[in-house]
Amino acid sequence: MTIKRIGWLLAIISVSSGLAFAELSINAEVVHTEADGNKVIITLTPVPNASSYLIQKSLESGEWVSVIETRDLEFNTNIENDISTRFKVTALDVNRNVLAEAVSEAITTEAKWFNIKRLNRFIALILISGIILYYITRARLNKKIYLRPVAGLQAFEEAVGRATEMGRSVLFVPGIMDLDQVETISGLIILGHVAKMTARYEADLNVPVSRSLVMESGRETVQASYISEGRPDLYSQDMVHYYTDDQFAFAAAVDGVMLREKPAAVFLQGKFYAESLIMAETGNSIGAIQIAGTGSPSQIPFFVTACDYTLIGEEFFAASAYLGSDPKLLGSIKGQDIVKAILMVCIGIGILFETFNVHFFKNLFLGS
Amino acid sequence: MGKFTNFLEKLDSLDRRVIFLIIGLVVLIPLLIPLGLPIETTNLTEDAFYAIEDLPANAKVLLSFEYGPSSKPEIHPMAVSVLRHLFSKGNEVVIMCLWPDGLFMANEALELVAHDEFKLEYGVDYVNLGYRPGNEAVIKGITKSFEANFSVDSRGIPISQIPIMQDVQTARDVDFIFSFSAGYPGAIEWVLYAGDPLQVPVSSGNSSIQVNQLLPYVKSGQMKGVIAGMPGAAEYETLLIQKVEGKEGLLVNKAHALLPNFKENRDATKFMDAQSIAHLVIVLFIILGNISYFVKRKKQQKY
Amino acid sequence: MYIGILGAWVAVFLTLSILSYLYKDNVFYKLSEHIFVGVSAAHWATIAFWNQVQPNLFGRLWPQAEVAALEGFNKFWYGIYHVLHVLFEKVFPEETINGVLYRGIGDQPQNLSYLIAFILGVFMLFRLIPKIGWLSRWSLAYVIGMAAGLRLYGYMSSDVIGQIHATMLPLWTGNLGESINNIILIVGVLTGLFYFFFSVEHKGALKIVSRIGIYFLMVYFGASFGFAVMGRISLLIGRFNDLIEYSGKQYGFATPILLLIMVAVLILSGRKEKKNKEAEA
């Protein structure tokens, strides 16, 4: 929904002067070379004996306000779009006597609707979204989609079953971040599947969270799972409970729960930061079967070392498609695979061209 | 040989508290009896240092504080060193915080460097805009307007009345962005929402754990070097002292007078002995642990 | 002075309490854990309200304005503020400066579009009323949709296209070392990407490619682990440094005294536990 603020302007204010009362000439030129800006570059021609230049700009009221006093002959400033603005340059000597003064013509910048420099990004976005949507549609039309087996996913049911046999609880941590992180959403989808299993096996489920919004969504998810398994009587709101937003305080609280309740199965599924190792290490020390999943690359190593199974990066996002059979998720996985294949081909072509010192292809991916 | 094999086997089932105790001791002893091990600088830190070093005298630098007390030992020494570096060159500094605790960290660093050491004027040489909630939305916001996001600074002064902010209306108007980051939001968000779209150079000082994730951005040029954890901070301290001692590049007069102070108060360098010895012991543990694992496996295969 | 010493004692006590967890779960750890959770929950709630809701929501709806100068809609609008002021004086302050009455919070420009955020926030509170609790889903939908929109371009531009651009490297640059580096990087990216292909069976030659990909990932994980250990040791050094500082006379020998007390308590409680177990047996 963001309207790209477009419009860029280059104003060249030439203060041509010689002696104290030299005649000045000013040029103001508008050049739309870059989008997303209302930037003005002011260039001055030097005035002999000037120690500094005071630049002012006009407000809508006609009043002049100071922008900068500088010794530089070129500098940047911004003006508001769609407002006619003029710049006044005053050359001052060491005693602050006015040597010369000049006023630019009125200049106006405007926002543009389309940033041509981002055309490649726009095409890529359309292409990627289009491919994913196409495969989602295909999946909905009951076209079969093959997914290779992922180690760790089969262990979900086994872990919940083991907890039931041992008469201990299942602990599920959906990360420490809010709902604006895709990992949290993925974690909650997986929570839905795990909650179905705990409802089936009548195992205790404990879900500590560190964000209020996640608590609300978590409660809805778990409740929906218990209802869909026909066991609303087993559901209680307290299954999903909030501790604190603070990262390490939350880790300390979860550690405490692990040490005292000794859950038999621990699921760490979501966005984690430095607390990941603290939790996984404690889970390991109490002998729980641990299944972790995260998209945070820097935390995966700790899960790999301290947990029994780890869903690495995209495996974690794909897990929700594996655990359920929602065509939307299955289709999007296939679509993403195709996008990855296209990107790999692009990289290959780019490498070939670069090896032969031809740069046009790589430059297609330039931009900001 | 048999005894050694037995020892290795026992290592596998060693009480973890013994390991905790050993690590505790190897960290504690060098803190009490410093060894003064030399510090070698690496490319990652040098890239960050020279990116700042190459800025002209009138450059304005935006520093963002995204860490709190829990990561202070790693990142705070970097913040102090980078501030010393910038003020030594006469650069102007605009500070903002995306973590609430970042404000306290920024104030502490400014109190030491800007106020006590360089005796600079608030609002003219530097400003602390304070904390604003909103994570990357704030970064995106300041690419359009500082005033819309920070109507007042951390002292409650309207930013329209702060001299240094007169020609800094958006993030585009700064010459360099440096993020001191311990997580989210942090360095990556600065690259994604300010550095790349505005083409303003970005660098960062990070907790060690994040460094690997940032390397692709450094390799691609989207980020100008990284100060990696406490060792990176120690390297930066070393580079800064070398610069001031050798009178290299831009240097304000005050900087040379402050050299004894820089040498005396360098926390990261002071802690590096403990860090290096602890690393050495951990490497030993890993090697012994692996040998023990393989010995045990070999024995199990025999039966 | 005394506050500083007291602060040092509290800091030392809490640090040692948390570190005592390395020995085993005990009363000191439990106490510090509960203090930590409670204090941080209150700290975050306070920050969220006084840094976000009050200045950024109420402050945008009702920025400070001179009451006498209000007219038209704003007169009515600030009338609502006045009612809120009567009900919650601290949150909605009014002040008189030089005999002139001002209403409102801060000096950010008025922006009534924040009413949408306000309404969505109120919807979240409807959770407490089951009949209309479903309205809170609208707020959640906004949060998720906004985040996806905000991040989509950044990730695609910098992480996807920017990184593809950076991976298009020549296989031969004229410099052997650089060329080898490029080849390693390219093989790593392509095989790593292939490992995350889910709709193709990884068998035969594809299995080898996928295996190479996971080896690259393992190297990355190993390096990350090394960095993490480095970070943890740094943090430990920071805490130890404080403990050393607080063991001095100026802080009343806080560290050694508290350490001795805690060790004594742990030994005594350990013995008691042992006795109890023996009695049970």
Side-chain angles (χ1 to χ4, degrees), chain A residues 1-2 120-121 124-125 128 145-148 150 178-182 185 213 216-217 243-246 248-250 252-253 255-256 259-260 274 277 297-298 300-302 304-305 312-315 318 333-334 337 340-341 343-344 346-348 350-351 353-355 357 361-362 365-368, chain C residues 18 21 25 29-30 32-34 36-41 43-45 48 124 127 136-137 139-140 143-144 146-153 156-157 160-162 164-165 167-172 186 189-190 193-194 196-202 217-218 220-222 224-225 227-228 231-232:
Chain A
M1 279 301 292
T2 310
N120 54 0
R121 266 68 176 157
L125 199 69
I128 292 171
I145 287 175
Y146 168 82
L147 291 183
R148 73 169 166 86
V150 170
D178 221 326
L179 274 185
D180 58 351
Q181 299 286 335
V182 65
I185 295 166
L213 289 184
E216 289 304 333
S217 310
Y243 278 121
T244 168
D245 277 45
D246 189 90
F248 289 107
F250 179 70
D255 275 5
L259 286 171
R260 278 148 229 156
L277 185 59
S298 52
I300 295 170
F302 316 127
V304 169
T305 38
I312 299 169
E314 273 203 77
E315 286 180 352
I333 290 200
K334 178 75 183 172
D337 274 3
K340 274 178 256 174
L343 296 180
M344 284 167 80
C346 286
I347 293 173
I351 290 165
F353 278 121
E354 285 300 308
T355 305
N357 224 7
F361 191 76
K362 186 175 180 175
F365 293 81
L366 267 177
S368 54
Chain C
I18 291 282
Y21 168 76
D25 189 24
Y29 176 73
K30 279 178 196 157
S32 55
E33 176 203 316
H34 295 316
F36 196 10
V37 173
V39 169
S40 68
H43 174 67
W44 278 94
M124 280 307 297
R127 287 246 151 204
S136 66
R137 288 188 197 160
S139 317
L140 295 180
V143 171
I144 295 167
M146 177 277 297
L150 184 66
R151 302 223 168 92
L152 182 65
Y153 182 80
M156 206 203 57
S157 179
V160 180
I161 300 184
I164 287 175
H165 181 264
T167 314
M168 290 177 182
L169 298 166
L171 294 171
W172 177 249
I186 289 162
V189 169
L190 295 178
L193 257 177
F194 185 77
F196 290 110
F197 264 72
F198 295 103
S199 55
V200 181
E201 202 174 345
H202 292 184
L217 289 172
M218 288 300 163
Y220 170 87
F221 296 155
S224 279
F225 203 92
F227 272 120
R232 293 296 186 272

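Labels below follow one simple rule: chain letters A, B, ... track the order of the sequence lines, proteins then strands, and each chain is numbered from 1. Computed from heavy atoms alone, side chains included, the values below leave out hydrogens, waters and symmetry copies.
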Minimum-distance pair of heavy atoms, taken over all atoms of [X] and [Y]:
X	Y	value
A/Asp255	C/Tyr29	CB-OH, 3.7 Å
C/Tyr220	A/Ser298	OH-N, 4.1 Å
A/Arg121	C/Ser157	NE-OG, 3.0 Å
C/Met168	A/Lys362	O-NZ, 3.2 Å
A/Met344	C/Leu190	CE-O, 3.4 Å
C/Val37	A/Thr244	O-CB, 3.9 Å

Answer with side chain, backbone, both or neither: which region of [X] has an atom nearer than 4.5 Å to a non-hydrogen atom of chain C?
X	result
A/Val182	neither
A/Phe353	neither
A/Ala318	side chain

Which of the residues [options] is involved in the greatest number of heavy-atom pairs with chain A at under 4.5 angstrom?
options	value
C/Met218, C/His34, C/Arg151	C/Arg151
C/Leu217, C/Leu150, C/Val200	C/Val200
C/Arg137, C/Arg127, C/Arg232, C/Met156	C/Arg127

Relative to chain A, which segment of [X] carries a heavy atom at a distance below 4.5 Å: side chain, backbone, both, or neither?
X	result
C/Ile186	side chain
C/Met146	neither
C/Val39	neither

Among [options], which has the most heavy-atom pairs under 4.5 Å with chain C?
options	value
A/Ile300, A/Asn357, A/Ile333	A/Ile300
A/Leu343, A/Leu259, A/Ile128	A/Leu259
A/Glu354, A/Arg148, A/Lys334	A/Arg148
A/Tyr146, A/Phe361, A/Phe250, A/Phe302	A/Tyr146

Interatomic spacing from [atom1] in [X] to [atom2] in [Y] - rounded to 0.5 Å:
X	Y	atom1	atom2	value
A/Ile145	C/Phe198	CD1	CZ	14.0 Å
C/Ile144	A/Asp180	CD1	CG	9.5 Å
C/Ile164	A/Cys346	CD1	SG	6.5 Å

Strictly distance-based, threshold 3.5 Å: is any side-chain N or O of A/Thr355 a donor or acceptor partner for the main-chain N or O of C/Leu171? yes

Is the side chain of A/Asp337 donor-acceptor paired with the backbone N or O of C/Phe197 at a distance under 3.5 Å, no angle test? no

